[in-house]
2 protein chains.
Amino acid sequence: MSGHFRANLALVGFGNVARRFAVLLEDRRELLMREYDLDCRIVGVATRRHGGEFDPHGVDVAEFDGKRSNTGGRPSLAFDIIERLGRSDADFRVVVETTTLDITAGEPAIAHVRAGVAAGCHVITANKGPVAFAYATLRDEADAAGVSFLFEGAVMDGIPIFNLVRETLPGVTLRGFRGVVNSTTNHILTALERGEPFDAALERMQSEGIAEADASLDIDGWDGAAKAAALANVLLDARLSPHAVRRIGIHKSDGARARQALASGKRLKLVASAVRDRNGSVSATVEPIELPTSDILASLDGKANALVLQTDLLGELAICQLEGNLTHTAYALLSDLVTIRRRQAQPAAPARRIL
Amino acid sequence: MSGHFRANLALVGFGNVARRFAVLLEDRRELLMREYDLDCRIVGVATRRHGGEFDPHGVDVAEFDGKRSNTGGRPSLAFDIIERLGRSDADFRVVVETTTLDITAGEPAIAHVRAGVAAGCHVITANKGPVAFAYATLRDEADAAGVSFLFEGAVMDGIPIFNLVRETLPGVTLRGFRGVVNSTTNHILTALERGEPFDAALERMQSEGIAEADASLDIDGWDGAAKAAALANVLLDARLSPHAVRRIGIHKSDGARARQALASGKRLKLVASAVRDRNGSVSATVEPIELPTSDILASLDGKANALVLQTDLLGELAICQLEGNLTHTAYALLSDLVTIRRRQAQPAAPARRIL
């Protein structure tokens, strides 16, 4: 144990992503120690409706999962646990925020991030709310506190987007992006092409667990708008919220449109995009577009996602997620942990601020 | 000037890539100083047939380019200049190797890399020979000498492949890859689909400057084999040479095959791939394959390249270069320079060895 960098973690939000993250963290324990000299311990768990637990010696997450009960929704619980995390003894402390997206204002996730930073903790999140609604503010607060605020899983699960730009494209300026970033709508549009009715396709996605019971966030383009805002805020230094994104979702009438597109050698895709205009202001859009099959976004069936980056030095490049699952999102949190560890080891090496 | 990290550079090989690199370096001088505190000076140039120059106070590359003459091919010139670079005064010294690929044994590029390392210089190269023929040896020699051997531009110009795996996928194990990595053959196959005869398509590529006058390295799959070996050696810890890659190029008879594939909803692509089998040994292949249009590699027209990585934690992900030009390759060298600078600043942060 001694000799390793010890990180104390608190899980704020305890849904599927947090649970899978806890399993992955255990699974890769040896690797994290061997390659990154990093020893992680989950010391806190805060749920929305099932209470929480804090133990500086470590919380047994599986055991907590089994015994948790309806102890009710004390809203201050998460903040209590974050505060105790901040006072706990370790080389560094990390809030792992995985509450679900609130599309009205990104809360309480933003408050969790802020509380973590204020308590001197690093914050990593798979929730796109904080980045989509308040990136610049949270980044500045984290900078001032000397901690990291990371969110690799917020947009394309574990596929590196933010790290790609931050770590591998030095000196490159981004001008815009466009992507297919919502799997539910991409699945539905693919089904519509095959002639499946909209409602039947949606129901099938729900029964297969691909779409949520309430799929309106996906269908109406809100998920895409939140991702577009998040990407624009980080990659293009915008100050957007999801509500500032021009947004057209998909509708029943898109069945005919999707089949018509296919018949004319095109494919209908829900495209999220943003561009910086000559005045420097950034506008973002989510809308269904007929794409020629020569467009890389047109080749993406169902579960595949992709983001095309428009750059000054490298023209267009794309990164594609050919499949997606819970482990990918959990992995994004793991990669954020490693980023924090690397920064700890590299005081002389501030990460390039993405602009 | 003072206060910046000063890097002395010697250009070994002075073709189009090296010239473009010199222009890009000048163009981004301010940015490198501002963002990376890095002040680069080209102090040496070695050409194959037009002599060379060394000046510790800096060589005016444009001027050298204008006045160079047929002073003949003294083979030791490059090594003399590398040795003088090694003795020159700077915070660090970098050999910029851009000689052309020799498919028989990767020379003299490998000897240049070795000489650079032996002289205590970092070495960056856009030549795939050294990585394709001798990666493990050169990496170990560089490690032992405490210098970096980097080659981001060797496979997909400036699109980050090696940095993607090294910097953004911590804890992920690669199982294999497959990609479309040769533009000339991809252009020709696309032309064949349209019914253009093989020879006419090849001639057009040559007249448009896309293919070399001697296009046999491309057509016969040697370029793809060298890239497959390079990727396998670095990403899968293989010990391949291009000659160990199973290799099938494209031929006149592929015209009918390409049109037939298209008629049946597929596309004929020259695919480079490698996979690690259960015994741990890695086999690599270059061959034309009919791909279904749902395959992301099938969507790549002409100038586009892409690499699909097969991983344990993230399933398949792909990175795509949607266009390519000389500036991209020059940029890869610039990004390698920044990687060296970052490593200088981060003594506590050894780059993850890619396995």
Side-chain angles (χ1 to χ4, degrees), chain A residues 24 28 31-32 35-36 152 156-164 166-173 293-301 304 306 308 313-325 327-328 330-331 334-335 337-339 341-350 352-353, chain B residues 24 28 31-32 35-36 152 156-164 166-173 293-301 304 306 308 313-325 327-328 330-331 334-335 337-339 341-350 352-353:
Chain A
L24 183 63
R28 302 281 149 153
L31 183 144
L32 289 172
E35 290 201 22
Y36 301 102
E152 188 60 274
M156 264 172 71
D157 302 338
I159 302 300
I161 297 295
F162 302 110
N163 280 331
L164 179 78
R166 189 188 286 123
E167 304 293 339
T168 79
L169 298 175
V172 168
T173 299
T293 51
S294 59
D295 190 316
I296 197 159
L297 297 182
S299 73
L300 304 169
D301 267 327
V308 176
L313 276 179
L314 291 174
E316 287 198 334
L317 65 139
I319 185 146
C320 315
Q321 172 183 37
L322 300 185
E323 49 200 299
N325 62 39
T327 297
H328 296 192
Y331 170 74
L334 190 79
S335 81
L337 260 189
V338 171
T339 300
R341 169 67 184 97
R342 284 174 159 180
R343 290 182 180 178
Q344 293 265 328
Q346 306 160 17
R352 170 179 173 240
R353 179 169 291 192
Chain B
L24 183 63
R28 302 281 149 152
L31 182 145
L32 289 172
E35 288 203 22
Y36 301 101
E152 189 60 273
M156 262 170 74
D157 301 339
I159 302 300
I161 296 295
F162 301 111
N163 280 332
L164 178 77
R166 189 188 287 122
E167 304 294 338
T168 77
L169 298 175
V172 168
T173 299
T293 51
S294 59
D295 189 316
I296 196 159
L297 297 181
S299 72
L300 304 169
D301 268 328
V308 177
L313 277 178
L314 291 174
E316 289 198 333
L317 65 139
I319 184 142
C320 315
Q321 172 183 36
L322 300 185
E323 51 200 297
N325 62 38
T327 297
H328 297 192
Y331 169 74
L334 190 80
S335 83
L337 260 188
V338 170
T339 300
R341 169 68 184 97
R342 284 174 160 180
R343 290 182 180 178
Q344 294 265 328
Q346 306 160 16
R352 170 177 173 242
R353 179 170 289 191

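Letters go in sequence order (proteins before strands), and every chain restarts at 1.
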Heavy atoms only: give me the nearest [X]-[Y] pair and the separation to one decimal.
{"X": "A/E323", "Y": "B/E316", "answer": "OE2-N, 3.0 Å"}
{"X": "B/Y331", "Y": "A/L169", "answer": "OH-C, 3.1 Å"}
{"X": "A/R342", "Y": "B/E167", "answer": "NH1-O, 2.9 Å"}
{"X": "A/L31", "Y": "B/G171", "answer": "CD2-CA, 3.7 Å"}
{"X": "B/L314", "Y": "A/H328", "answer": "O-CE1, 3.2 Å"}

Item checked: Proximity breakdown for A/S335 and chain B, heavy-atom pairs closer than 4.5 Å -> both

Notebook entry, point to check: Is it the backbone or the side chain of A/Q321 that comes under 4.5 Å from a heavy atom of chain B, or both, or neither?
Noted result: backbone

So which of [options] has the biggest tally of heavy-atom pairs under 4.5 Å with chain A?
{"options": "B/L313, B/L334, B/I319, B/L300", "answer": "B/L313"}
{"options": "B/G324, B/A306, B/P160", "answer": "B/P160"}
{"options": "B/D301, B/T327, B/L322, B/V338", "answer": "B/L322"}

Next item on the list: Side chain from CB out, backbone as N, CA, C, O: work out which of these in B/L337 comes under 4.5 Å of a heavy atom of chain A, or both, or neither.
Entry: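 Neither; nothing under 4.5 Å.
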
Note to self: Is B/T293 in contact with chain A via its backbone, its side chain, both, or neither, using a 4.5 Å heavy-atom distance?
What the structure shows: backbone

